[in-house]
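Structure first, commentary second.
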Protein chains: 2
Amino acid sequence: MTRNPDETRARLLGAAFEEIHRHGFQGASLTGILARAEVTKGAMYHHFASKQELGYAVVDEVLKARLEAAFFVPLSERENFIDGLLHTMAKSMEERGAMLADLGCPLNNLAQEMSPVDEGFRVRVDRLFGWWRDGLAEGLRRAIALGQVRGDIDPEGVALFYLAALEGCIGLAKNARSVEMHARCLGVLAEYVNGLRA
Amino acid sequence: MTRNPDETRARLLGAAFEEIHRHGFQGASLTGILARAEVTKGAMYHHFASKQELGYAVVDEVLKARLEAAFFVPLSERENFIDGLLHTMAKSMEERGAMLADLGCPLNNLAQEMSPVDEGFRVRVDRLFGWWRDGLAEGLRRAIALGQVRGDIDPEGVALFYLAALEGCIGLAKNARSVEMHARCLGVLAEYVNGLRA
DNA sequence: AACAATACAGACCGGTCGGTATGTTTGAGA
DNA sequence: TCTCAAACATACCGACCGGTCTGTATTGTT
């Protein structure tokens, strides 16, 4: 058996991400994570000090990378900011719509479950939400300067509201197990976003 | 020791609600619930068949009553629907703002945690969300007929979006542990709601 | 080749979990 | 007053939890 510590670590992170996404952090058992990763307990405790530290690493590494791929990258694929924003919504809908309606947003799931329970999770998730929000607000500010977006709006407030609405749509759709509800909710959000154009 | 089965049951429901609100259903231990309720395990298993059934009863009874008190009642305290809606937001903000920014919305917490894990919870929570959404949509339809709200909107879609945004605001504020963020997010939502006026 | 240090493997541990079995007390109806 | 079901109380159970411990195999270093 050839060894590959980096791959072992990556497999643990991937398996932990999926188990946590499905069962929540508290509901995810170490045994389940290890089985999915096909890694033994000894290996896992060699790479991570505890289940908690493994969870933290999932936020810092896996969730961060996913957020970048799902938001920042597609956003930059359009010249116009509003077009870019609508593009991120459409793309995530077609690429991960079923998954989102089924299991919800991994980041927000963790936020809702862990923020009252574990400060370490709360801070880490808050960092990612802050990054996301700042990206939105900054984009809005630039778009206002470029005359793409109305100048009478508060960029920070709208960024916050957009994020809230987006996560809310995913959350409701997840509870209803309905991609159709997800699409419908995003449709109204898209109207709101279009209403921001100058 | 005088006996009072109804009160015992009510105490169990109340304690379960609070423990679940703080730790989530999976994270809430029976022991903790029993300690808070000052009720023994025997008494609890006399009134409820399992922890799951206790949780179901919390949704069907406690959460339902709270939703009625927090939404349907204040909504009907204003003639104009938009005024009523803003009134529910203001009232819940001032009466439960700290609690919401701390622990979030009990109904949505349960939705996010349990819907992928337990179909019984999912269905029950979905029932309450449906009730809420229908109340909003029906109110919007009547308000349109009364000329209070623009006629070019889709009542069901807006109702869904409003609910999503509201829950999203609470969720983000909870993760940030910030009543100020909660207020700010609700402020933008209030602008949106005001924009619905005819 | 010798030696560490790293990377695992897996048995084992104490504790807590939800749940049960059995016994006792209480109070309403006959 | 007697009876019996309802309303509790408590000791206990097996399962599973996260975590540890000891041992072993692999790999880079000298």
Side-chain angles (χ1 to χ4, degrees), chain A residues 1-59 61 110 113-114 116-121 124, chain B residues 1-59 61 110 113-114 116-121 124:
Chain A
M1 189 59 179
T2 170
R3 283 186 169 173
N4 193 337
D6 289 352
E7 194 208 306
T8 300
R9 206 186 112 97
R11 289 240 303 281
L12 280 167
L13 285 175
F17 165 76
E18 295 192 21
E19 288 288 307
I20 291 171
H21 194 192
R22 172 149 279 130
H23 303 287
F25 178 77
Q26 307 185 79
S29 80
L30 225 29
T31 310
I33 294 172
L34 296 174
R36 182 185 285 264
E38 293 181 282
V39 160
T40 62
K41 201 170 269 195
M44 130 85 195
Y45 274 95
H46 173 73
H47 286 282
F48 301 96
S50 63
K51 184 196 179 191
Q52 191 183 50
E53 289 296 329
L54 173 59
Y56 289 175
V58 167
V59 180
E61 304 178 35
L110 218 43
E113 178 191 3
M114 297 306 290
V117 169
D118 185 299
E119 181 69 7
F121 271 107
R124 283 169 172 80
Chain B
M1 190 59 178
T2 169
R3 280 184 173 177
N4 192 337
D6 289 353
E7 193 208 308
T8 299
R9 206 186 112 98
R11 289 241 303 280
L12 280 166
L13 285 174
F17 165 77
E18 296 193 18
E19 289 287 308
I20 291 171
H21 194 191
R22 172 149 278 130
H23 303 287
F25 178 77
Q26 307 184 79
S29 79
L30 225 29
T31 311
I33 294 173
L34 296 174
R36 183 184 283 263
E38 293 180 285
V39 161
T40 62
K41 201 170 268 194
M44 129 86 193
Y45 274 95
H46 172 73
H47 286 281
F48 300 96
S50 62
K51 185 195 179 192
Q52 191 183 49
E53 288 297 329
L54 173 59
Y56 288 175
V58 166
V59 180
E61 303 177 36
L110 219 43
E113 179 192 2
M114 297 306 291
V117 170
D118 185 299
E119 180 69 8
F121 271 107
R124 283 169 172 81

Each nucleotide N or O in nucleotides 28-30 of chain C that has a protein N or O under 3.5 Å away: list the pair and distance.
none

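- Residues B/Arg124 and B/Met114 fail the side-chain proximity criterion, which asks for heavy atoms closer than 4.5 Å.
- OP1 or OP2 of D/dT27 sits under 4.0 Å from a side-chain N or O of A/Thr2.
- Between A/Met44 atom CE and A/Leu30 atom CG the span is 4.5 Å, to the nearest 0.5 Å.
- For A/Arg22, there are no salt bridge (Lys or Arg N to Asp or Glu O under 4.0 Å) partners two or more places apart in sequence or in a different chain.
- One finds the CD1 atom of B/Ile33 at 14.0 Å from the CZ atom of B/Arg11 (value rounded to the nearest 0.5 Å).
- Sorted by first and then second residue, the ring pair (Phe, Tyr, Trp, His ring centres under 6.0 Å) pairs with a member in residues 22-53 of chain B read B/Phe25-B/Phe121; sequence neighbours excluded.
- Applying the salt bridge (Lys or Arg N to Asp or Glu O under 4.0 Å) test to B/Glu19 and every residue at least two apart in sequence or in another chain returns B/Arg36.
- Among residues two or more places apart in sequence or in another chain, the side chain to side chain contact (heavy atoms under 4.5 Å, CB included) test is passed with A/Thr31 by A/Ser29.
- In this structure, CZ of A/Phe48 is placed 11 Å from P of C/dC8, rounded to the nearest angstrom.
- Between the CD atom of A/Glu38 and the P atom of C/dG10 there is a distance of 13 Å, given to the nearest Å.
- In terms of the salt bridge (Lys or Arg N to Asp or Glu O under 4.0 Å) criterion, A/Glu38 has no residue partners (sequence neighbours excluded).
- Under the side-chain hydrogen bond (donor to acceptor under 3.5 Å, both in side chains) criterion, A/Glu119 pairs with A/Arg122, not counting sequence neighbours.
- Regarding A/Leu34, its CG atom lies at a distance of 15 Å from the C1' atom of C/dA11, rounded to whole Å.
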So which protein N/O to nucleotides 3-7 of chain C N/O distances come out below 3.5 Å?
residue	atom	partner	partner atom	Å
C/dA7	OP2	A/His46	NE2	2.8
C/dA7	O4'	A/Arg3	NH1	3.4
C/dA7	N3	A/Arg3	NH1	3.1
C/dA7	N3	A/Arg3	NH2	2.9

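- Residues forming a side chain to side chain contact (heavy atoms under 4.5 Å, CB included) with A/Asn4 (at least two apart in sequence, or on another chain): A/Asp6, A/Glu7.
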Please list, for nucleotides 15-19 of chain D, all pairs of protein and nucleotide N/O atoms separated by less than 3.5 Å.
residue	atom	partner	partner atom	Å
D/dG18	OP1	A/Ala28	O	3.3
D/dG18	OP1	A/Leu30	N	3.4
D/dG18	OP1	A/Lys51	NZ	3.1
D/dG18	OP2	A/Leu30	N	2.8
D/dG18	N7	A/Lys41	NZ	3.4
D/dG19	OP2	A/Tyr45	OH	2.7
D/dG19	OP2	A/Lys51	N	2.9
D/dG19	O5'	A/Tyr45	OH	3.2
D/dG19	N7	A/Lys41	NZ	3.2
D/dG19	O6	A/Lys41	NZ	2.7

